[in-house]
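In this chain, numbering begins with 1 at the start of the sequence shown.
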Amino acid sequence: MTMKISPLAGKPTPPDMLVNVARLVTAYYSQAPNPANPLQRVAFGTSGHRGSAFERTFNEAHVLAITQAICLYRERQGIDGPIFVGIDTHALSEPAFASALEVLSANGAEVMMAAGGEYTPTPAVSHAILNYNNGRKTGLADGIVITPSHNPPGDGGFKYNPPNGGPADTDVTGWIERQANELLGNGLKGVRRMPFEKALHAPTTHTHDFLNSYVNDLGNVIDMDAIRGAYVRMGVDPLGGAGVHYWPAIADRYKLDLTIVNRQVDPTFRFMTVDWDGQIRMDPSSSYAMQGLISLKDQFDIAFACDTDHDRHGIVTRSAGLLPANHYLSVAIDYLFQHRPEWRKDAAVGKTVVSSQMIDRVSARLKRRLYEVPVGFKWFAKGLQDGSLGFCGEESAGATFMRRNGAVWTTDKDGIVPALLSAEITARMGRDPGEVYRSLTKELGEPVSDRLQATATPAQKEKLSKLSPQQIKSKTLAGEPILSVLSRAPGNNVEIGGVKVATENGWFAARPSGTEDIYKIYGESFRGKEHLRAILAEAQSIVDHALGAIKGN
């Protein structure tokens with residue numbers, strides 16, 4: 001049941017593990033999915049469609065079908081403003097961009113792309129959509145981000161952001177998915193496209209300066225004067241991702257002492273250390289993947305990294321090394337709501353159901369409402385847009401927050417602003433976020449948490465996602481009375497796709513993975529490791545019982 005750590009975890013990537021980029025790109029163009037095979041169809045998970053060209057799950061046919069489906073969706077919704085398109089540094093992002101542009105241009109869409117093939121972080125696309133739509137009622141813009149996030153180098157990904165600037169909601173992605181699969185099933189009949197060269201020079205194709213419009217606006221979110229004035233020495237590792245040219249521009253624009261420790265862009269990501277399971281993964285919240293930056297921690301007052309599309313952050317402190325995502329979210333919330341006087345007095349804290357209960361305790365102390373939603377950042381977009389949510393974060397190190405004046409910044413995850421916030425906290429508090437977290441635990445208790453995963457068949461995953469509170473017969477969990485059993489999130493009453501069981505000093509949540517044939521059990525205790533072990537063991541038997549016992553784990 002527990003996660004098996006690879007012997008390669010945390011070590012430099014062996015050359016024989018590197019993806020053959022030429023072969024991967026050839027597979028993108030030469031291999032076609034079989035629409036009759038459910039595994040090779042278009043499937044929007046929590047964050048767009050992802051897959052690999054080698055497995056026929058991310059090929060040209062998928063991208064052509066999804067892009068045409070997005071064009072049909074725009075037509076149906078009357079979205080006729082520009083579409084902002086960004087790409088990350090994964091090898092399949094460039095070919096997927098070419099395919100998408102061929103279809104967008106043939107459908108007459110006004111495309112806004114970065115000049116000179118510049119990579120574009122997810123938050124810069126969200127920022128561009130919101131800025132364009134500000135004050136408009138008609139002719140609204142939307143966006144596409146071509147990225148599989150922190151996934152391995154052989155993967156590709158494709159996300160759609162509607163005019164609210166955030167990740168598309170399930171009703172939107174469901175519609176796009178159905179249309180795309182219909183087009184795939186019909187051998188792409190109905191897909192309009194034109195040659196790439198023609199699309200590139202079409203009158204509807206425009207360049208947009210994502211980098212400078214985003215970078216020049218950052219001072220409205222982060223107190224750059226405080227960072228500069230305190231002479232905070234910062235290190236950043238873009239992990240070879242889309243923000244690689246943003247960091248030097250940020251340092252230059254705000255005159256910061258910011259060292260970019262790795263400027264390489266290489267689609268094999270050979271400079272990464274191997275993740276926990278023996279895969280290369282650009283995950284800034286994984287200590288295995290972050291060994292490079294962790295080893296440099298004593299050279300800086302604070303250091304940070306972002307994943308490939310720069311919508312996740314990892315904070316490396318002198319005092320505690322890489323801070324677990326939940327620890328930093330707690331510190332950021334505690335700090336922001338006390339240092340942003342212009343924010344609305346009723347602005348709430350947004351969190352996902354599997355984020356730390358420490359956030360609940362910090363929010364209660366701040367007398368701020370907690371808005372708890374299922375996994376997925378899409379649930380925060382509306383509250384961020386209307387200012388009712390001040391900060392939103394999820395356990396996998398994704399977060400964003402308001403501008404200093406309380407207006408919307410981005411409605412999608414932004415890895416860059418939480419990273420820079422760690423420097424602002426260090427400047428204003430005179431200690432790093434690791435030390436700030438330690439003082440929070442003295443006051444509010446110290447949680448320990450862990451996550452287990454086990455294989456599950458699609459049928460078992462389906463069963464787990466439909467688990468109801470009535471099926472949980474236990475009255476206690478690890479010796480404490482059960483206070484709540486939830487299958488819907490308290491914030492928006494949407495199904496969490498699993499179950500969450502809480503007591504006064506601990507909780508567990510069990511849910512199937514959206515992308516793999518596994519289920520995950522998240523657990524946390526404020527009473528130490530033994531108590532946590534008991535919570536996870538009981539959670540395991542509760543889930544096994546509900547699923548009719550999973551064999552072989």
| task | Go through the steps for Asp142 and Tyr160 under the test side-chain hydrogen bond (donor to acceptor under 3.5 Å, both in side chains), then give the verdict. | result | CA-CA 8 Å; Asp142 53 0; Tyr160 174 64; 2.6 Å; yes
| Residues Thr352, Glu395; criterion side-chain hydrogen bond (donor to acceptor under 3.5 Å, both in side chains); working and verdict | CA-CA 7 Å; Thr352 54; Glu395 79 301 333; 2.9 Å; yes
| Can you check salt bridge (charged side-chain N to carboxylate O under 4.0 Å, His left out) on Asp223 and Arg428, steps first, answer last? | CA-CA 9 Å; Asp223 187 346; Arg428 296 278 290 269; 2.9 Å; yes
| field | Stepwise salt bridge (charged side-chain N to carboxylate O under 4.0 Å, His left out) test for Asp360 and Lys351 | value | CA-CA 9 Å; Asp360 307 41; Lys351 69 166 262 197; 2.7 Å; yes
| Between Asp88 and Ser93, is a side-chain hydrogen bond (donor to acceptor under 3.5 Å, both in side chains) present by the stated rule, with each step listed? | CA-CA 6 Å; Asp88 79 358; Ser93 297; 2.5 Å; yes
| Run the salt bridge (charged side-chain N to carboxylate O under 4.0 Å, His left out) check on Arg438 and Glu435 step by step: do they pass? | CA-CA 5 Å; Arg438 254 209 310 280; Glu435 295 166 304; 5.0 Å; no
| task | Might you work through the side-chain hydrogen bond (donor to acceptor under 3.5 Å, both in side chains) test for Ser286 and Asp275, ending with a clear yes or no? | result | CA-CA 7 Å; Ser286 162; Asp275 203 6; 2.5 Å; yes
| Worked check of salt bridge (charged side-chain N to carboxylate O under 4.0 Å, His left out) between Asp334 and Arg365 | CA-CA 9 Å; Asp334 187 59; Arg365 193 188 68 161; 2.3 Å; yes
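Within the model, atoms OH of Tyr437 and CG of Leu329 stand 10.5 Å from one another, a figure rounded to the nearest 0.5 Å. Rounded to the nearest 0.5 angstrom, Lys159 NZ and His49 NE2 are separated by 14.5 Å. Distance CG/Asp283 to SG/Cys306: 11.5 Å, rounded to 0.5 Å. One distance of note links CZ of Arg318 with CZ of Arg233; it measures 5.0 Å at 0.5 Å rounding. Here the OH atom belonging to Tyr246 is positioned 7.0 Å from the CD1 atom belonging to Ile416, to the nearest 0.5 angstrom. Interatomic distance, CD of Gln540 versus CD1 of Ile521, reported as 4.5 Å (0.5 Å rounding).
Of the N and O atoms on the side chains of Thr410 and Asp412, not one donor lies less than 3.5 Å from an acceptor on the other residue. With hydrogens and angles left out, the side-chain atoms of Thr426 and Asp432 include no donor and acceptor closer than 3.5 Å. In this structure, a donor-acceptor pair under 3.5 Å is absent between the side chains of Asn151 and Ser149. In summary, the side chains of Glu524 and Ser356 do present a donor paired with an acceptor at a separation below 3.5 Å, with no hydrogens or angles considered. Between Arg253 and Asn216, the side chains place a donor N or O and an acceptor N or O closer than 3.5 Å (distance only, hydrogens not considered).
Judged by distance alone, with hydrogens and angles left aside, the side-chain atoms of Thr259 form no donor-acceptor pair with the main-chain N or O of Val261 at under 3.5 Å. At least one donor-acceptor pair under 3.5 Å links the side chain of Thr411 to the backbone N or O of Gly166. Within the 3.5 Å criterion, the main-chain N or O of Val244 finds no donor-acceptor partner in the side chain of Tyr119. Asp307 places a side-chain N or O within 3.5 Å of a backbone atom of Arg312 that can act as its donor or acceptor partner. In this structure, the side chain of Thr273 engages the main chain of Tyr288 through a donor-acceptor pair within 3.5 Å.
The aromatic rings of His339 and Tyr335 sit parallel to each other, their planes meeting at less than 30°, with 60° as the upper class boundary.
Minimum heavy-atom separation, Ser99 to Val63: CB-CG1, 3.8 Å. Summarising the geometry of Met358 relative to Gly445, their closest heavy-atom pair is CE-O, 3.5 Å, with the distance given to 0.1 Å. Counting all heavy atoms, side chain and backbone alike, Ile496 lies closest to Pro374 at CA-CB, 4.1 Å.
Each of Arg56, Gln40, Glu55 was evaluated against Gln31; a single residue qualifies, Arg56, per the side chain to side chain contact (heavy atoms under 4.5 Å, CB included) test.
In summary, the aromatic rings of His127 and Tyr214 are positioned with their centroids under 6.0 Å apart. In this structure, Phe304 has its ring center under 6.0 Å from that of Trp247. For His90 and Phe269, the gap between ring centers is short of 6.0 Å. Less than 6.0 angstrom separates the ring centroid of Trp343 from the ring centroid of Phe337. Between Phe58 and His62, the ring center distance fails the sub-6.0 Å criterion.
In this structure, Arg451 forms no cation-pi arrangement with Phe508, as its terminal cationic atom is not both closer than 6.0 Å to the ring centre and no more than 45° off the ring axis.
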